[in-house]
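Please read the structure below before turning to the comments.
All heavy atoms count here, side chains included; hydrogens, waters and symmetry mates do not. Convention: sequence-line order gives letters A, B, ...; per-chain numbering from 1. Since the structure is predicted, the reported quantities are computational estimates derived from the model, not experimental observations.
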2 protein chains.
Amino acid sequence: MPHLFTAARARPDPVKRIADPTVRRLSLYLRFLEEFEGAGRTTISSGELAQSGHTTPAQVRKDLSSFGSFGKRGLGYGTHDLVAHIRQILGLDRTWRLVVVGAGRMGSAIAQFPGFRDRGFHVVGIFDLDPRRIGQTLAGVTIADVCHLEADVQRLRADIAVLALPPAAAQSIATRLAQAGVHALLDFSTAPLTVPAGVTVRRMDLAMELEVLSFALTNR
Amino acid sequence: MPHLFTAARARPDPVKRIADPTVRRLSLYLRFLEEFEGAGRTTISSGELAQSGHTTPAQVRKDLSSFGSFGKRGLGYGTHDLVAHIRQILGLDRTWRLVVVGAGRMGSAIAQFPGFRDRGFHVVGIFDLDPRRIGQTLAGVTIADVCHLEADVQRLRADIAVLALPPAAAQSIATRLAQAGVHALLDFSTAPLTVPAGVTVRRMDLAMELEVLSFALTNR
DNA sequence: ACGAGTTTGTGAAATCCTTCACAATCTAGG
DNA sequence: CCTAGATTGTGAAGGATTTCACAAACTCGT
C-alpha cells in the first residue's frame, strides 16, 4: 500500500493529484529557468526546456498544464513569470527550516552543503549522540545532544529533517521526529522507514544506486 | 513457467526489459533477505518481504518472476537461495572498482562511506583539482590530480565513478570518464549530465529531493 | 496417504504516466 | 488588417507498471 497522502485540506486547491515524476521535473525546470533568466532570456519554449531536461516538449507542457496555463501561444513562457509560478507551486516562495540528525562525515557534509541557504533551506539545528561532537559548530550551528531532540525541534520550528545515521538508529529517530511534528524526512540511511500517515519520506540510498549501476553494467 | 536464466552472462540475453523500479526493489529485498538470513530464518514468504519493503506480495512475486521461479509453493523462498539469486541478478557476485571524483566534504564522506567495501564496491581512486588535497590519503587511497584522470582510470580499471563536484565541472569530467571507458556514473551534482550511449548515469540530487519535500509539505 | 491450509507464478484488469496530434491562439511583418 | 509561422493546451491513444485473482503445487498434521 504505497499510499502517502489522502487529500488536500488546508489550501483551497482543486488541483488534481500530481505525479511524483512531475514534481521532480518541475524542480529541474526551475533550475534551467533560473539559468536562462540569469542569461537575460525573457521567454523560453517548451522545446528548449525539454532539451535542457532530457525530456519532450509535450511532457513539459503537460507538467505545467496541471497547474494552470502560464504560456503564450506562439511565444512560449515568460522566464520570469514561470520561475515565480514554479517556485510557488513547489512551495519555494518561503524558507524552510531544516535540522540534520547525525553529524558524522555524511551529516557534516550535508549540513555544509553549499546552495541550501541560497535556495531557501536554512539549517537551524544539528544533532548527534557523540559527546565529542556535541558543542562543536558546523555552518554556524552548534551541534546539540540528540537526547533533547523533540523539545529542540519544536523550539526551532523545524519543517524538514535530514537523517544521516546508521540504519539501526534511523527508525527510532524518525518516529521521534514525527511525534515532534516534523512532517518531512530526507533519509540517507539504508533502511526504509515506517512513519505515521501525513509524514513524507524521501530516500537517498547510496548503496541502492550503486547496485542499480551494477545491474546496468552486468546486463549491458 | 520454464524460465531459464543461465544465459545472462555470455551473450546479450533474451530476458525482457526490466523496469527500473523492479531493480530498485530487488536491491531492497536483498538487504532484508540478508537480515533474515543473519537471523537464522531459512525461508521467507512474499508477504513478509513485502512488509519489509513497503510493497505488496504480488509485487514481490512479479519482480522475482521476471528472472525465474525461485520459490516453493506453500512454503515461500529459501533465504539463502534467494540471496544468491538476487546477488547474481544484480551483478553483485563480483567486486566493482569505484573512483570518486571530487574530494570536498561530500566526496570525502562518500569515499569513506562504511559498507561500500563490505558490499563489494572498492574505492580504488580519488581525484581532486586542489593541490592542497592532492597527496592526502582517504580510506587508504591517495588523492590524485584530476589532470591524469583518463590514464589513471584506465590503469585502475575503474568500473564506476562517483561525481561529487560543482555542477560547472561535472559535465566535462563525465565526458572524460566516458571517453576513458567508465560506463556507470553516480552524480551528486545538481545538473543532469549528457553522456554517450552505453553509459548509465544515476543522479543523487539533494536540492531536488528537498524541493519535492517542500511541495509535499505545501500541498498537504 | 489424504485433506486442510499455504504460498507461488502468472495471465488479465486496472491504474499510472508519457506521447501524439491538432485546434486554438499568439507574434511578426508587410 | 491579413497571412505565414510558431507555440501552447489538452483530449485521446499508447505504453508501462502495479494490482487482482486464481489455478497449481507444495507442506504438515493426522
Tell me the interatomic distance from [X], atom [atom1], to [N], atom [atom2], rounded to whole angstroms.
X: B/Asp63; N: C/dT10; atom1: CG; atom2: P; result: 14 Å
X: B/Leu82; N: C/dG9; atom1: CG; atom2: C1'; result: 14 Å
X: B/Ile44; N: D/dT27; atom1: CD1; atom2: P; result: 18 Å
X: B/His54; N: D/dT19; atom1: NE2; atom2: P; result: 14 Å
X: A/Lys72; N: C/dT27; atom1: NZ; atom2: C1'; result: 11 Å
X: A/Phe67; N: D/dT8; atom1: CZ; atom2: C1'; result: 17 Å
X: A/His85; N: D/dG9; atom1: NE2; atom2: P; result: 11 Å
X: A/Phe70; N: D/dT10; atom1: CZ; atom2: C1'; result: 15 Å

Check this for me, if you would: do [X] and [Y] make a salt bridge, where the nitrogen-to-carboxylate-oxygen distance has to be below 4.0 angstrom?
X: B/Asp159; Y: B/Arg94; value: yes
X: B/Lys72; Y: B/Asp81; value: no
X: B/Arg202; Y: B/Asp20; value: yes
X: A/Arg31; Y: B/Glu211; value: no

Distance below 4.0 Å between [X] side-chain N/O and [N] OP1 or OP2:
X: B/Ser69; N: C/dT8; answer: no
X: A/Tyr77; N: D/dA6; answer: no
X: B/Arg25; N: D/dT18; answer: yes
X: A/Arg61; N: D/dT8; answer: yes
X: A/Thr56; N: C/dT19; answer: yes

Toward the 5' end of DNA chain C, by each residue's nearest nucleotide, A/Gln59 or B/Gly74: B/Gly74
Students often get this wrong, so: under 4.0 angstrom with heavy atoms, is B/Pro21 touching a base, only sugar-phosphate, or nothing? sugar-phosphate
Would you state whether a donor and an acceptor, one from the side chain of B/Lys62 and one from the base of C/dG11, lie under 3.5 Å apart? yes
base_contact_polar (C/dT8 base, B/Arg73 side chain, donor-acceptor, <3.5 Å): yes
Of the candidates D/dT8, D/dT27, C/dA21, the side chain of A/Ser46 sits closest to D/dT8
Indicate, with yes or no, if the rings of A/Tyr29 and A/Phe32 have centres closer together than 6.0 Å. no
